[in-house]
Amino acid sequence: MPKAAKSRSGKAEKKTRQKKDPNAPKRGLSAYMFFANEQRDNVREENPGVSFGQVGKILGERWKALSDKQRAPYEAKAAADKKRYEDEKQAYNVSV
DNA sequence: ACGCTGATTGTTCAT
DNA sequence: ATGAACAATCAGCGT
């Protein structure tokens with residue numbers, strides 16, 4: 001492990017951040033995004049009727065509930081996605 | 001050299 | 001269309 005920095009570095013509130021770069025090389029998704037993509041239907045299946053208030057939180061709990069290797073596939077996608085972002089970021093630097 | 005912050009990503013649900 | 005919890009991210013920048 002690199003360094004345990006702080007819980008969640010920055011980010012105080014959250015309101016549709018805006019971009020500041022010219023080509024804004026968005027970034028890659030996050031392991032949670034991939035995990036949610038698969039779990040969303042699964043979790044909602046096991047928790048029918050639960051509103052975002054529950055599903056949303058439950059989803060987060062389950063996410064970490066998975067074994068490190070279980071989230072591995074999601075992390076793998078996150079990493080692969082990051083590469084995708086790497087490409088746009090590259091074009092962004094060349095664009096400038 | 002070093003650390004930080006900000007921006008972003010996608011889900012669900014409601015309004 | 002958007003926001004809000006939920007989590008990860010991680011790249012660029014400044015001092």
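All chains are named by letter (A, B, ...) in the order of the sequence lines, taking the proteins before the strands, and each is independently numbered beginning at 1.
Under the salt bridge (Lys or Arg N to Asp or Glu O under 4.0 Å) criterion, A/K64 pairs with no residue at all, not counting sequence neighbours. Residues meeting the side-chain contact (heavy atoms from CB on, under 4.5 Å) test with A/N42, sequence neighbours left out: A/Q39, A/E46, A/R62. Taking the salt bridge (Lys or Arg N to Asp or Glu O under 4.0 Å) definition, one finds that A/R84 meets it with A/D87, sequence neighbours left out. Residues satisfying the salt bridge (Lys or Arg N to Asp or Glu O under 4.0 Å) criterion with A/E38, sequence neighbours excluded, are absent altogether. Residues passing the side chain to side chain donor-acceptor pair (under 3.5 Å) test with A/Q70: none are found, sequence neighbours excluded. By the side chain to side chain donor-acceptor pair (under 3.5 Å) test, A/K57 pairs with no residue at all, sequence neighbours left out. Residues that satisfy the salt bridge (Lys or Arg N to Asp or Glu O under 4.0 Å) test with A/R27, not counting sequence neighbours, are absent from this structure.
Between A/A31 and A/A78, the shortest heavy-atom distance links the atoms N-CB, 3.4 Å. The nearest pair of heavy atoms linking A/P25 to A/K89 is CB-CA, 3.4 Å.
With A/E86 as reference, A/K82 is the one residue of A/Q90, A/K83, A/K82 to meet the side-chain hydrogen bond (donor to acceptor under 3.5 Å, both in side chains) rule.
Contact check of residues 32-40 of chain A against DNA chain B (heavy atom, cut-off under 4.0 Å) returns A/Y32, A/M33, A/A36, A/N37, A/R40. DNA chain C is contacted by A/F52, A/G56, A/K57, A/G60 of residues 52-62 of chain A, taking any non-hydrogen atom closer than 4.0 Å. If you check residues 65-83 of chain A against DNA chain B, you find no residue with a heavy atom closer than 4.0 Å.
Side chain of A/R44 to backbone of A/D41: no donor-acceptor contact under 3.5 angstrom is found.
OP1 or OP2 of C/dA7 sits under 4.0 Å from a side-chain N or O of A/K64.
Overall, the helix from B/dA1-C/dT15 to B/dT15-C/dA1 carries an axis bend of 40° between its ends, with five pairs at each end and the value rounded to 10°.
Atom NZ in A/K26 sits roughly 19 Å away from atom P in B/dG6 (whole-Å rounding). Between the C1' atom of B/dC13 and the CG atom of A/D41 lies a distance of 16 Å, rounded to the nearest Å. Taking atom CD of A/E45 as the reference point, atom P of B/dT11 lies 17 Å away to the nearest angstrom. One can place CD of A/E46 at 16 Å from P of B/dT12, the figure rounded to the nearest angstrom.
Side-chain heavy-atom separations under 4.5 angstrom define the hydrophobic clusters, and the remaining members of the one that includes A/W63 are A/L29, A/Y32, A/M33, A/F34, A/F35, A/V43, A/V50, A/V55, A/I58, A/L59, A/L66, A/Y74.
Closest-nucleotide positions on DNA chain B for A/L29 and A/V50 were compared, and the one nearer the 5' end corresponds to A/L29.
Note that OG of A/S30 and NZ of A/K77 are 13.0 Å apart. Values are rounded to the nearest 0.5 Å.
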